[in-house]
Amino acid sequence: MSIFVLKCIALYLMVLDHIGFYFEGFIPYGLYMVLRILGRASYPLFLFCMTQGYRHTRSRKKYLIRLYLGSLFMTGFILFVDGTFPVDGFGYGFHNIFLSMFLVGILISTIEVFQKNRKNGLILTGCIFAVQFLFRPAPWILPVLRDYSGDIRTGIFPNLALNEYGLLFIILGLCMYFLWERKDMFIIVYLLFCIAQYSDEMIHGEGAFPTQWFMILALPFMLRYNGERGRSFKYFFYVFYPAHTFLLFYLANFVWG
């Protein structure tokens, strides 16, 4: 399977997941669970495609700039939707996988630079720490942020711990990148990660049925990756991602709601 095919599968699963997310109160519980379970494979597939795309891109700098600009756009879009279409409960939600992928790319480059030149690697590490440090005083640096949550702040000052899916999935992205050529190691690390997700939800899920470990469904697709990029998919997702989440949010709250 090419990157294009894998992204199409991830895109389809993401839409199913978000249908379940927004229409939870309008569909049978069984259908809701099926949609959410299938959706657990979406982000790992996108993350895998990002790491492979990052490996082969002609300009990592442009790649990172696109992801960061995407993160800034989603941050502003979240504020716009929640301000223009206020609803009770969770609202539009925090959707910003651009931020998580940006952090994965930054850490990949930092590690590779450190492997070649320790001095430059330490400089990049210091820059990452500086951004983490700036996260707390961000409301004083940009007073407009004083009324907003950490989810909004991290869209501007990327935080390793506060992002969609959190630090563990950033680490998973690094494993996907650095272990891909060692398939046996890649498989066992991914399986152990899925088991850890199951264990975590069993302990902290407050009795809810564990679902995140179903990300294991993404593994067979990753292993069928053939090293080919396939058709270009560069900008479509940057538009589709906010468009489909807003459409589902609007339909669930202002048409069916």
Side-chain angles (χ1 to χ4, degrees), residues 1-11 13-14 38-64 66-67 97-125 128 158 160-161 163-201 210-234 237:
M1 291 184 176
S2 67
I3 287 293
F4 174 77
V5 173
L6 290 174
K7 282 185 177 180
C8 287
I9 295 171
L11 197 74
L13 294 174
M14 178 181 68
L38 292 175
R40 297 309 89 209
S42 176
Y43 180 64
L45 280 175
F46 276 125
L47 190 58
F48 176 79
C49 291
M50 178 268 156
T51 60
Q52 296 306 314
Y54 199 68
R55 185 188 305 277
H56 299 294
T57 184
R58 285 176 289 184
S59 175
R60 289 188 168 185
K61 182 178 179 179
K62 291 181 180 179
Y63 200 115
L64 290 174
R66 284 199 307 271
L67 289 172
I97 64 173
F98 300 129
L99 171 64
S100 302
M101 292 180 179
F102 171 77
L103 287 168
V104 171
I106 287 291
L107 293 187
I108 288 172
S109 289
T110 299
I111 292 170
E112 290 189 330
V113 169
F114 183 82
Q115 290 173 334
K116 297 176 182 177
N117 186 308
R118 290 193 173 186
K119 180 180 178 180
N120 291 339
L122 289 173
I123 290 173
L124 285 177
T125 302
I128 292 172
L160 288 170
N163 56 80
E164 191 160 8
Y165 287 92
L167 176 61
L168 284 179
F169 277 79
I170 301 297
I171 296 173
L172 178 63
L174 296 179
C175 292
M176 287 179 171
Y177 181 85
F178 287 105
L179 297 179
W180 174 241
E181 294 180 355
R182 301 172 62 187
K183 292 293 193 304
D184 291 343
M185 185 67 72
F186 177 92
I187 292 170
I188 193 61
V189 168
Y190 191 83
L191 290 175
L192 289 172
F193 190 91
C194 295
I195 293 170
Q197 290 297 304
Y198 176 82
S199 180
D200 181 68
E201 286 191 277
T211 58
Q212 188 56 53
W213 71 279
F214 279 100
M215 59 184 282
I216 196 173
L217 297 173
L219 183 59
F221 296 108
M222 296 178 197
L223 295 178
R224 293 196 64 188
Y225 171 54
N226 59 14
E228 301 293 329
R229 186 183 73 168
R231 295 171 56 187
S232 178
F233 207 52
K234 184 181 295 185
F237 182 67

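Throughout, residue positions are numbered sequentially from 1 according to the sequence presented.
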Flag the pair L172 / M215 as yes when at least one side-chain heavy-atom distance between them is below 4.5 Å, and no otherwise.
-> yes
Would you confirm whether T57, through its side chain, and G53, through its main-chain N or O, come within 3.5 Å as a donor-acceptor pair?
-> no
Would you give the length of the straight line joining atom OG1 of T211 to atom CG of L38, rounded to the nearest 0.5 angstrom?
-> 11.0 Å
Provide the full list of salt bridge (Lys or Arg N to Asp or Glu O under 4.0 Å) pairs with a residue in residues 38-55, sequence neighbours left out, each pair given once.
-> D17-R40
Do the side chain of S199 and the main chain of I195 share a donor and acceptor less than 3.5 angstrom apart?
-> no
Of all heavy-atom pairs between G105 and Y54, which one has the smallest distance, and what is that distance?
-> O-OH, 3.2 Å
Describe, in one word, how the ring planes of F48 and Y225 are oriented to each other, choosing from parallel (under 30°), tilted (30 to 60°) and perpendicular (over 60°).
-> perpendicular
Using a 4.5 Å cut-off on heavy atoms from C-beta on, say whether the side chain of F178 contacts that of I111.
-> yes
So, for F98 and F237, is the gap between ring centers shorter than 6.0 Å?
-> yes
Which distance, rounded to the nearest 0.5 Å, do you find between the CE of M50 and the CG of L47?
-> 7.5 Å
Within 45 degrees of the axis of the six-membered ring of F221 and under 6.0 Å from its centre: does R224 put its NZ or CZ there?
-> no
Between CD on residue Q52 and CD1 on residue I3, distance to nearest 0.5 Å = 6.0 Å
Indicate yes or no: at least one non-hydrogen side-chain atom of L168 is less than 4.5 angstrom from one of D200.
-> no
E201 side chain vs Q212 backbone, donor-acceptor pair below 3.5 Å = yes
Do the non-hydrogen side-chain atoms of F4 and R229 ever get within less than 4.5 Å of each other?
-> no
Indicate the atoms forming the closest heavy-atom contact of G121 with V113, along with that distance.
-> N-CG1, 3.6 Å
Determine the minimum heavy-atom distance between S100 and E164, stating which atoms define it.
-> OG-O, 2.9 Å
All heavy atoms of S42 vs all of A10, minimum pair found to be OG-O, 2.9 Å
Do Q197 and F193 touch side chain to side chain, with heavy atoms closer than 4.5 Å?
-> yes
Kindly indicate whether the side chain of Y165, heavy atoms from C-beta on, has any atom under 4.5 Å from the side chain of I170.
-> no
Any chance you could measure L217, atom CG, to L13, atom CG, to the nearest 0.5 Å?
-> 8.5 Å
Check F102 against L64 and note the closest heavy-atom contact, atom names and distance.
-> CD1-O, 3.4 Å
Parallel, tilted or perpendicular for Y43 and F169, by the 30°/60° rule?
-> tilted
Can you list the residues that meet the side-chain contact (heavy atoms from CB on, under 4.5 Å) rule with E228, with sequence neighbours excluded?
-> S2, N226
R60 versus I108: any side-chain heavy-atom pair under 4.5 Å?
-> yes
To the nearest 0.5 Å, atom NE2 of H56 lies from atom OG1 of T51 at 9.0 Å
Nearest atoms (heavy-atom pairs only) where Y190 meets I216 = CE2-CA, 4.0 Å
Mind jotting down which residue pairs meet the salt bridge (Lys or Arg N to Asp or Glu O under 4.0 Å) criterion with at least one end in residues 172-190? Sequence neighbours excluded, please.
-> none
Report the distance from atom CG of L192 to atom CD1 of I187, rounding to the nearest 0.5 Å.
-> 12.0 Å
